[in-house]
Amino acid sequence: MKRSGILLVFALVFVLSAACGSSSNGSKSNTSSSNDSTSSSDSSSTSSQVSGKIEVGGSTALQPLAAAAVDGFTQANPKATVDVQGGGSGTGLTQVASGAFDIGMSDKFAEAQDGIDASQLVDHKVAVVGMAAAINPAAGITNISKQDLIKVFTGKVTNWKEVGGKDQKIVLVNRPAGSGTLATFQQFALDNQTPATSSLTTDASNDVKTDIEQNPGAIGYLALSYFTDADKGKMTALSLDGVAPTAANIETGKYPVWAYEHMYTKGEATGVAKAFIDYIDSDEVQKGLVTQQGYLPVSDMKVVRDADGNVTKK
Amino acid sequence: MNEKYVDIPASVRLKGKKKTKARWAETVAVIWIRFAAFLMILAAVAITLFLVVKGMQAFVKDGVPITEFFSKNWAPTIAPPTFGTLIFIFGSFSVTFLAALIAAPIGIGSALFMTEISKKYGRKILQPVLEILVGIPSVVYGFIGLVVLVPFFRIHLHVPTGFGLLPAAIVVAVMILPTVTSISADALQAVPESMRDAAAALGATRWQTIWRVIIPAALPSLLTAIIFGMARAFGEALAIQMVVGNSAHFPKNLLDPTGTLTTQITLSMGETPSGSVFNHVLWSMGLVLLVMSYIFIILIRVLSARRKY
């Protein structure tokens, strides 16, 4: 009796696991076969629609743009489904490398991320995003020199009056170690200095915004896409060494704090993934959604930057 | 052990067709129950093994020294990185103990009210209130803390941000209050009526009975209630993350931002690729949490062994 019971349990576990395994295998082979068929039909006639389902995930800085692009894309390709999720740049890179995401979104170069085999990933730069130090107006400044900014973020000064502002304590709002926004800001605005550990740390850009708007004297950093008209008077984007963080200044390379938004695929993009990236690269999206949402089209950039951060004229 | 479950008196045993059907149903039920128990044990063992393997990677594969892991130097992204988690271990413990300090007197007080002072109102009002508190998701507690507690501290106590240990402890204390209260109430109820009668016969007042008889008698179980609450507080992440400030430094006072193991894990997990040293260290921090929950469970077992009622 007892033995048969245990046997039955094992049989059940075995059947269950076999069922799970086979079903996931089945769905995988389904999608890949549909991808193959669409890519082959793609090459025969460019106007044909793609079908199938892809998973896109990673950088929360790129997530709003990708999510907004899905509407237009699925209107043109009703049989295709694009599932966009966040999770952070690290997740995007890991999951695309392991095959869980068809497209991994990241604001960092895969080469700059340890633990990732960048050689097997193909980079598609879909937009440029500028980042700026954001301050609560109680700080009383609109421009800061890079040296002063570094002093502020490393905790060497603790009151705004020491760098030309009002008599107001400085409150630092930080992003967690590993964040793409932090990496960009640290590299290009803080000359690789690490922000002081006494700062508040918040894991989403919208929370950074709330923290800055609520705390007098707060300073943080945000992608320019997060500065909206509604924030006027509550939050200011700081000019750096007298250069305002505008699209024109970023395109010419005068304002240094910006990053590419990458969409990585494992190997060359195929099927729905290729069609989706092509759609985001199209003039329709680059001139429309990309600029509307506060990003910059890659084609407008007059400078190029490599994975090591070296900037050259196009 | 041998088929005990069919060992029922001959007079009620079923006969013929009915008997085989009933026995078959019983067999299925027993297999199902055994399967459920087996699955439960399997899950616990699997989680422990998985976390131990994952959590040891940082030390075994990446060679992060254990002494460094328990040091206070947290700089995971500068070269060379250091992964000292003492700040977060300290943060987790401070939030947990502060929360227990707030929740224990209130929880045990409410339990005394429910069992000794006013059973009728306790059951009618306190019980539903506790059930409501249990049902509120932790994100809501965190959010209320963020929009009510944090600005309150900032504006009225004139601290720079209002984020810090104290709001985290208050939020978590409210979260664990139902756990502490209901387990304490069960413990107090388990104290036999004869002891209350004996105290009354000796001429003790209600307060003397509570203080000298009931609380000492139920003490191990009351401590169990507090430790259960602490175990919950130690593992809480979301609500704490919203109000603690999440900075990697030792707090100078109760209203200075700091971080805990759980908040650091949830903040960084999405930004670190799996396979990197940083990611492995986060798993090691998860292992510390698991070890702590084992310690809490052992404490509870020890206390229940000492239990008198």
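- In this structure, chain A has no heavy atom under 4.5 Å from any part of Gln264(B).
- Most heavy-atom pairs under 4.5 Å with chain A, from the set Gly245(B), Pro273(B), Gly275(B): that is Pro273(B).
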Next item on the list: Could you please spell out the steps behind the side-chain hydrogen bond (donor to acceptor under 3.5 Å, both in side chains) verdict for Asn215(A) and Asp211(A)?
Entry: CA-CA 6 Å; Asn215(A) 286 290; Asp211(A) 281 357; 4.8 Å; no
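- Residue Leu93(A) does not touch chain B at all, counting heavy-atom pairs closer than 4.5 Å.
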Notebook entry, point to check: Taking it one step at a time, do Thr258(B) and His249(B) satisfy side-chain hydrogen bond (donor to acceptor under 3.5 Å, both in side chains)?
Noted result: CA-CA 6 Å; Thr258(B) 185; His249(B) 85 150; over 6 Å; no
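- Taking Ala183(A), Ser89(A), Ser179(A) one by one and counting their heavy-atom pairs under 4.5 Å with chain B, the maximum is reached by Ser179(A).
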Notebook entry, point to check: Passes side-chain hydrogen bond (donor to acceptor under 3.5 Å, both in side chains), Glu55(A) versus Gln85(A)? Steps please.
Noted result: CA-CA 8 Å; Glu55(A) 298 285 338; Gln85(A) 41 189 297; 2.9 Å; yes
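- Proximity to chain A (any heavy atom under 4.5 Å) is shown, for Met242(B), by neither the backbone nor the side chain.
- A donor atom on one side chain and an acceptor atom on the other are not found under 3.5 Å apart for Asn246(B) and Thr201(A).
- With respect to Lys125(A) and Asp123(A), a salt bridge is recorded, a charged nitrogen being found less than 4.0 Å from a carboxylate O.
- Aromatic ring orientation, Trp258(A) versus Tyr260(A): perpendicular (interplanar angle above 60°, classes split at 30° and 60°).
- Counting heavy-atom pairs under 4.5 Å between each of Gly58(A), Pro176(A), Ser98(A) and chain B puts Pro176(A) at the top.
- For chain A, the option among Thr161(B), Thr266(B), Asp256(B), Thr272(B) with the highest count of heavy-atom pairs below 4.5 Å is Thr161(B).
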Next item on the list: Might you work through the side-chain hydrogen bond (donor to acceptor under 3.5 Å, both in side chains) test for Tyr221(A) and Asn174(A), ending with a clear yes or no?
Entry: CA-CA 8 Å; Tyr221(A) 40 90; Asn174(A) 210 355; 2.4 Å; yes
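- Of the two parts of Pro160(B), the backbone and the side chain both hold a non-hydrogen atom closer than 4.5 Å to a non-hydrogen atom of chain A.
- Counting heavy-atom pairs under 4.5 Å between each of Asn192(A), Leu182(A), Thr94(A) and chain B puts Thr94(A) at the top.
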